[in-house]
Amino acid sequence: MKVCLAGTGAMGVIHMKALAKIAGVEVVSVNSRTDASGRAFAAEWGIAHHSTSLEASLDRPGVDAVILTTPSSMHADQTVIALDKGKHVQVEIPMSLNLADAERMVQATARSGKICMVTHTRRFASPHREIRRRIREGSFHLHHMVVETYFFRRENTNMHGQARSWVDNLLWHHGCHSSISRNGCSASRTSRCGYSEGPTILRSASRWT
């Protein structure tokens, strides 16, 4: 499978590391915001082509799919563009920033006949897979689960030290988008985030069953 990767930030690096471990997958183009970042990313990972135009990357010979790790506000439009070009899409969370855009993405998926997957990596994380295995075999009976996440970073940077908006992260990455997949058990989830910038602290909390 030939893949186009859009986005050269922290999540782009994570996806690239995973893709490098999968036999039969080749990243043939990287789409970036600036030429410099695309050129550096392509050189680091041995990718033959880079472009600041998503369409140019998607139009590379043999591209089957695209992984979108771009800013959240770009997800909907880029997903529709890729689907309309007949490409499978994996789009990072959040799927979109509003319901209308999410519905537009769903409609484009149905129209294209291709697969559009919204990234939810926790489903494939080793601890979650092990819990699921134990529940299915009957050795572990889960009745209640509480998960808490805290952030106290004082700078708007990602895990690689690059600039990003932690307000966006709190609202869309660690708020109520998260869910727990379970089989034959009841679970509730609490997600709390604290963001500190000088004397001001922004806190977001969500709880559901």
Side-chain angles (χ1 to χ4, degrees), residues 1-97 101 105 108-109 112 114-126 151 153-174 177 195:
M1 174 177 281
K2 293 185 177 180
V3 176
C4 163
L5 178 67
T8 57
M11 292 310 303
V13 172
I14 290 175
H15 279 275
M16 195 64 227
K17 288 179 178 179
L19 291 168
K21 299 177 181 178
I22 303 175
V25 174
E26 178 187 5
V27 179
V28 297
S29 181
V30 60
N31 166 240
S32 58
R33 183 176 60 85
T34 67
D35 183 74
S37 63
R39 186 181 302 278
F41 194 94
E44 179 180 358
W45 292 99
I47 302 171
H49 177 265
H50 68 91
S51 176
T52 56
S53 166
L54 177 62
E55 290 88 342
S57 290
L58 292 172
D59 289 340
R60 296 293 293 175
V63 170
D64 300 295
V66 61
I67 299 176
L68 300 174
T69 69
T70 47
S72 302
S73 60
M74 302 173 72
H75 288 178
D77 287 342
Q78 290 184 332
T79 295
V80 172
I81 289 172
L83 289 169
D84 285 348
K85 284 182 173 290
K87 313 301 180 183
H88 300 292
V89 176
Q90 180 178 354
V91 56
E92 264 294 340
I93 54 174
M95 177 181 182
S96 66
L97 300 185
D101 277 344
M105 294 164 73
T109 303
S112 70
K114 299 299 180 179
I115 295 173
C116 179
M117 174 184 174
V118 181
T119 303
H120 202 310
T121 53
R122 289 182 179 178
R123 176 173 295 179
F124 303 103
S126 295
F151 286 91
R153 297 193 183 191
R154 290 182 175 272
E155 296 180 354
N156 282 332
T157 56
N158 64 20
M159 64 185 75
H160 298 293
Q162 300 167 327
R164 72 150 299 159
S165 168
W166 272 102
V167 173
D168 173 77
N169 190 67
L170 291 172
L171 291 174
W172 298 105
H173 289 193
H174 298 283
H177 82 274
Y195 173 72

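Please read these numbers as outputs of a predicted model, since none were measured by experiment.
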[X] side, atom [atom1]; [Y] side, atom [atom2] - distance, nearest 0.5 Å:
X	Y	atom1	atom2	result
Arg39	Ile47	CZ	CD1	13.5 Å
Cys4	Glu55	SG	CD	10.5 Å
Met74	Leu54	CE	CG	8.0 Å
Arg60	His49	CZ	NE2	4.5 Å
Leu83	Thr109	CG	OG1	4.5 Å
Thr70	Met11	OG1	CE	11.5 Å

Between [X] and [Y], what is the shortest heavy-atom contact and its length?
X	Y	result
His75	Pro94	ND1-O, 2.6 Å
Val30	Ala42	CG1-CB, 4.1 Å
Gly86	Lys114	O-CE, 3.2 Å
Ala82	Val89	CB-CG2, 3.6 Å
Thr34	Thr52	C-CG2, 3.6 Å
Leu58	Ile81	CD1-CG2, 4.0 Å

Problem set entry | Worked check of side chain to side chain contact (heavy atoms under 4.5 Å, CB included) between Val3 and Val63 | CA-CA 6 Å; Val3 176; Val63 170; over 6 Å; no

Quick one, [X] and [Y] - any side-chain contact, counting heavy atoms below 4.5 Å?
X	Y	answer
Glu44	Met16	no
Trp45	Leu5	no
Met1	Ile22	no
Ser112	Asp84	no
Thr119	Gln90	yes

Would you say the side-chain atoms of [X] pair up with the backbone N or O of [Y], donor to acceptor, closer than 3.5 Å?
X	Y	answer
Ser53	Ala56	yes
Asp64	Lys2	yes
Asp101	Ala76	no
His88	Val66	no

